[in-house]
A.B. asks: 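Got a structure for you, written out below as structure tokens; questions coming shortly.
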There are 2 protein chains.
Amino acid sequence: MNTLSYGLLSLLSHTADSGYDLMLKIQPFWPAKHSQIYPLLAQLESGGYVRHTLVVQTDKPDKKVYSITDKGLNALRNWLTLPTDEPVTRDELVLKVFCMEQGDPADIRRMLEMRLAYCRDQLQWLQTKMDAYTKLNPSPSFGILLLMEKGQFAIKADLQWAEWALARLDEREAAPGSSRADEA
Amino acid sequence: MNTLSYGLLSLLSHTADSGYDLMLKIQPFWPAKHSQIYPLLAQLESGGYVRHTLVVQTDKPDKKVYSITDKGLNALRNWLTLPTDEPVTRDELVLKVFCMEQGDPADIRRMLEMRLAYCRDQLQWLQTKMDAYTKLNPSPSFGILLLMEKGQFAIKADLQWAEWALARLDEREAAPGSSRADEA
DNA sequence: CCGGCCATGTAAGAAGTTACATGATTCA
DNA sequence: TGAATCATGTAACTTCTTACATGGCCGG
């Protein structure tokens with residue numbers, strides 16, 4: 001039972017879902033490909049944590065809809081009491097920023113602008129999700145509200161940093177000479 | 001040449017360093033164990049991107065100090081022009097929050113308090129690093145300044161979210177009944 | 001004297017990605 | 001007609017973690 005397994009159980013504790021949909025839904029929280037999800041679900045099923053029923057569809061391929069079992073729920077509850085791993089962020093951008101003096105300033109600028117655009121996209125996507133969710137739901141899940149808020153906090157921080165960094169780049173380019181220019 | 005390889009080259013573009021020190025320094029940016037770093041450095045050396053000299057020490061074990069070559073610098077510069085992968089954050093906490101209705105509210109509270117403490121630690125650690133760096137350095141690297149700021153933005157966002165979440169938990173516990181309590 | 005730090009490495013295993021494989025429907 | 005979505009699966013590979021292995025120095 002690894003973290004991704006618990007992630008799947010966590011999703012299934014809200015609603016039964018196909019492997020495909022689980023794969024899509026877990027992306028914002030714990031990115032994983034279908035090639036990782038499908039075998040894991042089979043494993044969880046053989047362990048008795050989930051069970052599936054085949055749902056036949058005419059317009060689309062048939063699907064396996066998984067639901068969590070009592071054993072799965074118990075495992076989930078126990079997991080909640082265990083200590084939580086520290087978060088890990090892997091961002092290629094920070095490695096690039098670290099050695100940015102080696103490259104063309106125009107490349108750095110482009111990099112930061114790309115990040116800015118990415119953040120705006122993410123923020124808008126989240127906003128849409130939040131609107132849709134709160135409209136469709138009379139008394140929403142407290143956990144989901146917390147998460148959507150968490151996502152917003154994180155994206156906004158990244159966005160604000162990118163803006164701040166670009167502003168500092170502008171300052172730099174406006175001022176002639178190197179960082180020792182203020183020694184006048 | 002994977003991202004970690006470029007990360008090592010990025011660090012080495014500032015100062016020559018031992019595998020051990022590189023391992024320690026890269027943790028905040030791209031966590032990796034020594035068992036991954038050492039073979040990679042050997043590989044980078046056989047590819048001509050870095051070279052090492054043996055530094056004999058009396059009080060401590062001898063070490064291999066790696067420095068970047070021209071070929072390494074060129075590879076680094078080229079990498080800076082390439083498109084940057086999107087950042088990935090994996091945080092077990094979000095998976096737990098998603099299904100928190102399944103568990104004891106006291107567990108959730110403990111979880112959030114742990115996160116809060118972790119964030120405060122991280123923030124203090126960063127502050128210390130920033131102070132030390134800016135004091136020791138007359139004209140600091142622009143890249144490093146940007147990064148330290150980025151770290152602060154991210155940690156503060158996480159911290160503020162945790163505080164906000166705990167406040168909401170308090171509200172919940174103060175109000176009797178469920179979310180339908182406001183239907184009075 | 002025991003645990004932690006320094007310092008390097010290998011081996012085995014788990015986790016994650018990319019590619020291979022299939023096939024119907026829908027939209028431009 | 002060609003690409004995207006839905007839907008499931010396996011195989012090969014890369015990446016990352018844990019464990020094995022060694023050994024001196026230092027502080028409590």
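Every chain is numbered from 1, with letters handed out A, B, ... down the list of sequences.
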A.B. asks: Using whole Å, what does the distance between atom C1' of nucleotide D:dT22 and atom CG of B:Asp62 come to?
C.D. replies: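 Rounding to the nearest Å, CG of B:Asp62 and C1' of D:dT22 are 14 Å apart.
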
A.B. asks: Rounding to an integer number of Å, can you tell me how far B:Glu92 CD sits from C:dA15 C1'?
C.D. replies: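 From B:Glu92 CD to C:dA15 C1': 14 Å.
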
A.B. asks: Does a side-chain N or O of B:Gln57 approach OP1 or OP2 of C:dC6 to a distance below 4.0 Å, or not?
C.D. replies: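 No, B:Gln57 has no side-chain N/O under 4.0 Å of OP1/OP2 on C:dC6.
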
A.B. asks: Reading nucleotides 16-28 of chain C 5' to 3', which nucleotides get B (base under 4.0 Å from a protein heavy atom), which S (sugar-phosphate only), which -?
C.D. replies: BBBB---B-S---

A.B. asks: Below 4.0 angstrom, which residues in residues 12-21 of chain B have at least one non-hydrogen atom near DNA chain C?
C.D. replies: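 Within this stretch, B:Ser18, B:Gly19, B:Tyr20 sit under 4.0 Å of the strand.
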
A.B. asks: With rounding to the nearest 0.5 Å, note down the distance linking CH2 in A:Trp79 to NZ in B:Lys96.
C.D. replies: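 The distance works out to 5.5 Å.
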
A.B. asks: When the distance from CG of A:Leu40 to C1' of D:dT10 is rounded to whole Å, what number comes out?
C.D. replies: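 So the two atoms are 15 Å apart, to the nearest Å.
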
A.B. asks: For A:Met1 and C:dA15, what is the distance between atoms CE and P respectively, to the nearest whole Å?
C.D. replies: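 That distance rounds to 11 Å.
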
A.B. asks: Starting at atom CG of A:Leu54, determine the distance to atom C1' of D:dA7, rounded to an integer number of angstrom.
C.D. replies: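 Interatomic distance, CG of A:Leu54 to C1' of D:dA7: 11 Å.
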
A.B. asks: Between A:Lys156 and B:Ala157, is there a donor-acceptor pair closer than 3.5 Å when you use the side chain of the first and the backbone of the second?
C.D. replies: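 Here the side-chain-to-backbone pair does not exist.
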
A.B. asks: From NZ of A:Lys63 over to C1' of D:dC6, roughly how many Å is that when rounded to an integer?
C.D. replies: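 About 9 Å, once rounded to whole Å.
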
A.B. asks: Do any N or O atoms from the side chain of A:Lys150 and from the backbone of B:Ala165 form a donor-acceptor pair under 3.5 angstrom?
C.D. replies: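 Not confirmed, A:Lys150 side chain does not pair with B:Ala165 backbone.
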
A.B. asks: Is there a donor-acceptor contact under 3.5 Å from the side chain of A:Gln27 to the main chain of A:Ala32?
C.D. replies: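 A pair under 3.5 Å: yes.
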
A.B. asks: When you measure from the side chain of B:Ser18 to the backbone N and O of B:Val65, does any donor-acceptor pair fall under 3.5 Å?
C.D. replies: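 Here the side-chain-to-backbone pair does not exist.
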
A.B. asks: Between the two ends of the helix from C:dC1-D:dG28 to C:dA28-D:dT1, what is the bend in degrees, rounded to 10 degrees, where each end axis spans five pairs?
C.D. replies: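 Inter-axis angle at the ends, rounded: 50°.
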
A.B. asks: Any idea which heavy atoms bring B:Tyr133 and B:Ser141 closest together, and the distance?
C.D. replies: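 Scanning both residues completely, I find the closest heavy atoms to be OH-N, 3.1 Å.
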
A.B. asks: Using only atom types and a distance under 3.5 Å, with no angle test, would you say the side chain of B:Ser10 pairs donor to acceptor with the backbone of A:Leu95?
C.D. replies: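 Pair found, side chain donor or acceptor close to backbone of A:Leu95.
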
A.B. asks: Using whole Å, what does the distance between atom C1' of nucleotide D:dC16 and atom CD of B:Gln43 come to?
C.D. replies: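 Nearest whole value for this atom pair: 14 Å.
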
A.B. asks: OP1, OP2 of C:dT8 versus side-chain N and O of B:Tyr38: anything below 4.0 Å?
C.D. replies: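 So the side-chain polar atoms of B:Tyr38 do come within 4.0 Å of the phosphate oxygens OP1 or OP2 of C:dT8, strictly under.
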
A.B. asks: Taking atom types as modelled, is there a side-chain donor on A:Asn2 or A:Ser5 under 3.5 Å from an acceptor on the other?
C.D. replies: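 Looking only at side-chain atoms, A:Ser5 and A:Asn2 do form a donor-acceptor pair, the distance falling under 3.5 Å.
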
A.B. asks: For B:Leu24 and for B:Tyr66, find the nucleotide of DNA chain C with the closest heavy atom, then tell me which residue's nucleotide is more 5'.
C.D. replies: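 Upstream on the strand: B:Leu24.
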
A.B. asks: Could you state the CG-P distance from B:Asp85 to D:dT15, rounded to the nearest angstrom?
C.D. replies: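 Computing the B:Asp85:CG to D:dT15:P distance gives 12 Å.
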
A.B. asks: Once you round to the nearest 0.5 Å, how far does OH of A:Tyr118 lie from OG1 of B:Thr84?
C.D. replies: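 Separation between the atoms: 12.0 Å.
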
A.B. asks: Hey, does the side chain of A:Gln102 reach the backbone of B:Leu76 with a donor-acceptor pair shorter than 3.5 angstrom?
C.D. replies: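 No, because the side chain of A:Gln102 does not come within donor-acceptor range (under 3.5 Å) of the backbone of B:Leu76.
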
A.B. asks: For the backbone of A:Leu146 and the side chain of B:Trp161, can you confirm whether one donor and one acceptor N or O come within less than 3.5 Å of each other?
C.D. replies: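 Such a contact is found between B:Trp161 side chain and A:Leu146 backbone.
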
